[in-house]
Q: 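I'd like to ask some things about the structure below.
Counting convention: from 1, in listed order, for ligands and their atoms alike.
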Amino acid sequence: MDRPYIICHMLTSLDGKIIGDYLKEERAAYFTDEYEKIHRRYGCRAWMCGRITMEEHFTFGHQLNLKQDNFNAIPRTDYVANKDAKGYAIAVDPSGKLGWTKNYITDDYGLGDHIIEILTEQVSDAYLAHLQKLRISYIFGGKEQLNFIVVVKKLNDLFSIDKLMVEGGGVLNGSFLNEELIDELSLILVPIAEGSSNSVTLFETRSYLNKPKPANFLLKDVEKLDDGGLWMRYVTKHD
Ligand SMILES: NC(=O)c1ccc[n+]([C@@H]2O[C@H](COP(=O)([O-])OP(=O)(O)OC[C@H]3O[C@@H](n4cnc5c(N)ncnc54)[C@H](OP(=O)(O)O)[C@@H]3O)[C@@H](O)[C@H]2O)c1
């Protein structure tokens, strides 16, 4: 395979919501801890999130104040700042909105994952210059729209990533499902029903995606967690 094996690793309520008030319930903390532990159990060097998730959890909405003028045009070619990192944090940020101030994300153990930005060619020269200044790697996934088949092949070719965890949110997961790129689904089921209908679900769709079609999975394993939770592992059923 010239692309990584792709695991979508997520936590949901009983009604398939990935965010919501159910996560504020006291017992939910145990399941979010389990989510992180299971992430580590997979031993993947690379994980990926959508722009909204990265903004919420890692850049905390920080806005860059980039001057847009006086920049020489920067060629829209991939930029590899570190091809031997121990870990990679991959941000899907088509138009370059994330306000990074360093080129790595640190986990609880102080280990830094090198950031790779996934961009379209619509990104500004100022943003590319900012990424180069911080030595943040970036790759182009399309002119105006992202093609994740191209993206994951580049991750394999340029960074030798052979196993990738796709970790939300719903729009990013939906994009991978849409391009039939999910090999395995790792789902932590929290025994709480969120109940609100406007909360983001496991797989969301957007107008720029193909018409979604049902995707079939086969159960690979199921493990009971404490307090009535489940860790379910499904693999994609190919026709
Ligand atoms: N329960 C869990 O396990 C879990 C895990 C992760 C995240 N979350 C939660 O999920 C929520 C966010 O989910 P979300 O679905 O709203 O956002 P998301 O998937 O994190 O990010 C969506 C954004 O990523 C970019 N993007 C993703 N796919 C794209 C595509 N095919 N083409 C172009 N751009 C694409 C776009 O950025 P632009 O808008 O810049 O164009 C899009 O708006 C957060 O609240 C987070 O806490 C939950």
Side-chain angles (χ1 to χ4, degrees), residues 6-25 28-40 42 47-64 89-100 105 116-124 127 138-152 164-182 185-194 196 198-212 225 229-232:
I6 299 171
I7 302 140
C8 178
H9 177 55
M10 293 295 292
L11 170 147
T12 73
S13 62
L14 286 175
D15 45 352
K17 308 294 185 185
I18 63 168
I19 53 173
D21 286 346
Y22 77 98
L23 292 170
K24 296 182 192 150
E25 297 280 313
Y30 160 74
F31 296 102
T32 51
D33 273 3
E34 284 301 302
Y35 176 84
E36 294 303 332
K37 279 188 198 153
I38 291 169
H39 167 106
R40 287 195 287 276
Y42 270 98
W47 54 277
M48 175 187 278
C49 289
R51 195 263 307 165
I52 293 173
T53 300
M54 284 297 191
E55 205 158 68
E56 192 177 303
H57 295 278
F58 300 104
T59 64
F60 309 108
H62 178 68
Q63 303 279 321
L64 299 170
I90 306 164
V92 176
D93 182 21
S95 53
K97 294 179 185 157
L98 288 169
W100 300 115
I105 288 176
I116 305 173
E117 276 263 320
I118 309 298
L119 302 165
T120 67
E121 293 181 25
Q122 305 308 306
V123 63
S124 69
Y127 193 72
Y138 57 77
I139 60 178
F140 291 95
K143 217 172 170 49
E144 288 172 1
Q145 288 188 5
L146 294 174
N147 176 334
F148 284 105
I149 294 173
V150 170
V151 168
V152 295
L164 171 68
M165 289 200 112
V166 170
E167 300 195 291
V171 171
L172 180 69
N173 296 343
S175 305
F176 270 70
L177 191 75
N178 199 262
E179 294 197 43
E180 299 181 14
L181 281 170
I182 297 176
L185 177 64
S186 162
L187 202 60
I188 313 289
L189 190 66
V190 180
I192 309 175
E194 165 63 12
S196 74
N198 58 355
S199 173
V200 184
T201 67
L202 181 57
F203 296 112
E204 293 285 341
T205 190
R206 285 288 178 272
S207 55
Y208 46 72
L209 300 179
N210 298 329
K211 188 181 174 301
L225 303 176
L230 292 176
W231 175 31
M232 297 176 290

Q: Can you tell which part of Ile19 has a heavy atom less than 4.0 Å from ligand 1: side chain, backbone, both or neither?
A: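 Only the side chain of Ile19 comes within reach of ligand 1.
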
Q: Report yes or no: does Glu194 contribute a side-chain atom to a donor-acceptor pair with the main-chain N or O of Asp21 at less than 3.5 Å?
A: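 Between the backbone of Asp21 and the side chain of Glu194 there is a qualifying donor-acceptor contact (under 3.5 Å).
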
Q: Using distance alone, decide if ligand 1 has a nitrogen or oxygen within less than 3.5 Å of any nitrogen or oxygen in Glu204.
A: no

Q: Given Val200, Leu202, Ile18, identify the one with the heavy atom nearest to atom 48 (C) of ligand 1.
A: Ile18

Q: As a check for students: among Ile118, Val171, Val92, identify the option with a heavy atom nearest to atom 15 (O) of ligand 1.
A: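 It is Val171 whose heavy atom sits nearest to atom 15 (O) of ligand 1.
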
Q: So, 4.0 Å and heavy atoms of Cys49: is ligand 1 close enough to count as a contact?
A: no

Q: What protein heavy atom is closest to atom 14 (P) of ligand 1, reported as residue, atom name and distance in Å?
A: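 The closest heavy atom on the protein side is Gly170 N, 3.9 Å.
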
Q: Considering only non-hydrogen protein atoms, determine which one is nearest to atom 17 (O) of ligand 1 and report residue, atom name and distance to 0.1 Å.
A: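 Among all protein heavy atoms, the one nearest atom 17 (O) of ligand 1 is Ile52 CB, 3.5 Å.
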
Q: Considering only heavy atoms, does Met10 approach ligand 1 within less than 4.0 Å through its side chain, its backbone, both, or neither?
A: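 Both of them.
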
Q: With respect to Asp93, determine whether any N or O atom, backbone or side chain, lies less than 3.5 Å from an N or O atom of ligand 1.
A: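 It does not: no N or O of Asp93 is found under 3.5 Å from an N or O of ligand 1.
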
Q: Polar-atom distance check: Leu11 versus ligand 1, any N or O pair below 3.5 Å?
A: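 Leu11 vs ligand 1: N/O contact under 3.5 Å present.
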
Q: Kindly confirm or rule out an N or O of Leu146 lying under 3.5 angstrom from an N or O of ligand 1.
A: no

Q: Could you tell me whether some N/O pair between Glu167 and ligand 1 is separated by less than 3.5 angstrom?
A: no

Q: So which of Ser13, Ser175, Pro94, Gly142 gets nearest to atom 29 (C) of ligand 1, if we judge by its closest heavy atom?
A: Ser175

Q: Could you tell me the residue and atom name of the protein heavy atom closest to atom 23 (C) of ligand 1, and the distance to it rounded to 0.1 Å?
A: Arg51 N, 3.7 Å

Q: Can you check whether Leu98's main-chain N or O pairs, donor with acceptor, with Asp93's side chain at less than 3.5 Å?
A: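 Present.
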
Q: Applying ring-ring contact (aromatic ring centres under 6.0 Å, His included) to Trp100 and Tyr138, what does each step give before you reach the verdict?
A: CA-CA 13 Å; Trp100 300 115; Tyr138 57 77; over 10 Å; no

